[in-house]
A.B. asks: 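The structure is given below, and queries will be raised subsequently.
Worth saying up front: this structure is predicted, and the values here are computed from it rather than measured. FYI, the numbering just counts along the sequence from 1.
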Amino acid sequence: MQLQPEDWQSLSVPERIELVEEIWDSVARDVERLPVTDAQLVIVRERLAAYRRDPSRVLSWDEVRKGLRPGQ
């Protein structure tokens with residue numbers, strides 16, 4: 001199926017946002033079906049190897065969150 005701009009451009013902004021949310025939700029439900037690319041596997045393997053070499057360099061989720069929102 002291929003949507004043309006005229007199929008969605010006449011929708012109001014709230015309707016277009018709802019459409020995008022519905023599409024995103026449908027993608028999220030099927031995300032496990034997406035294949036992992038060779039490039040993604042390389043990155044995962046590199047990061048796992050780096051972790052195994054020095055696990056002390058890992059940040060906890062709380063530390064990551066604090067870095068994203070300084071002062072909180």
A.B. asks: State, with a plain yes or no, whether a side-chain heavy atom of Asp62 is found less than 4.5 Å away from one of Arg65.
C.D. replies: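 Yes, at least one pair of side-chain atoms sits under 4.5 Å.
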A.B. asks: Within a radius of less than 6.0 Å around CG of Asp30, do more than 12 heavy atoms belonging to other residues, nucleotides or ligands occur?
C.D. replies: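 It does: Asp30 CG has more than 12 such atoms within range.
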A.B. asks: How long is the straight-line distance from OG of Ser60 back to NZ of Lys66, given to the nearest 0.5 Å?
C.D. replies: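 Between atom NZ of Lys66 and atom OG of Ser60 there are 7.5 Å.
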A.B. asks: Are Leu34 and Val36 joined in one hydrophobic group, where the rule is that I, L, V, M, F, W and Y side chains link up if heavy atoms are under 4.5 Å apart?
C.D. replies: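 Looking at the clustering, Val36 is in a separate group from Leu34.
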A.B. asks: For a quick test of reading the model, state the closest non-hydrogen atom pair linking Arg16 to Leu11 and the distance between them.
C.D. replies: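 Scanning both residues completely, I find the closest heavy atoms to be NE-O, 3.2 Å.
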A.B. asks: Just how far is it from atom CG of Leu41 to atom CD of Glu46, taken to the nearest 0.5 Å?
C.D. replies: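 The distance works out to 11.0 Å.
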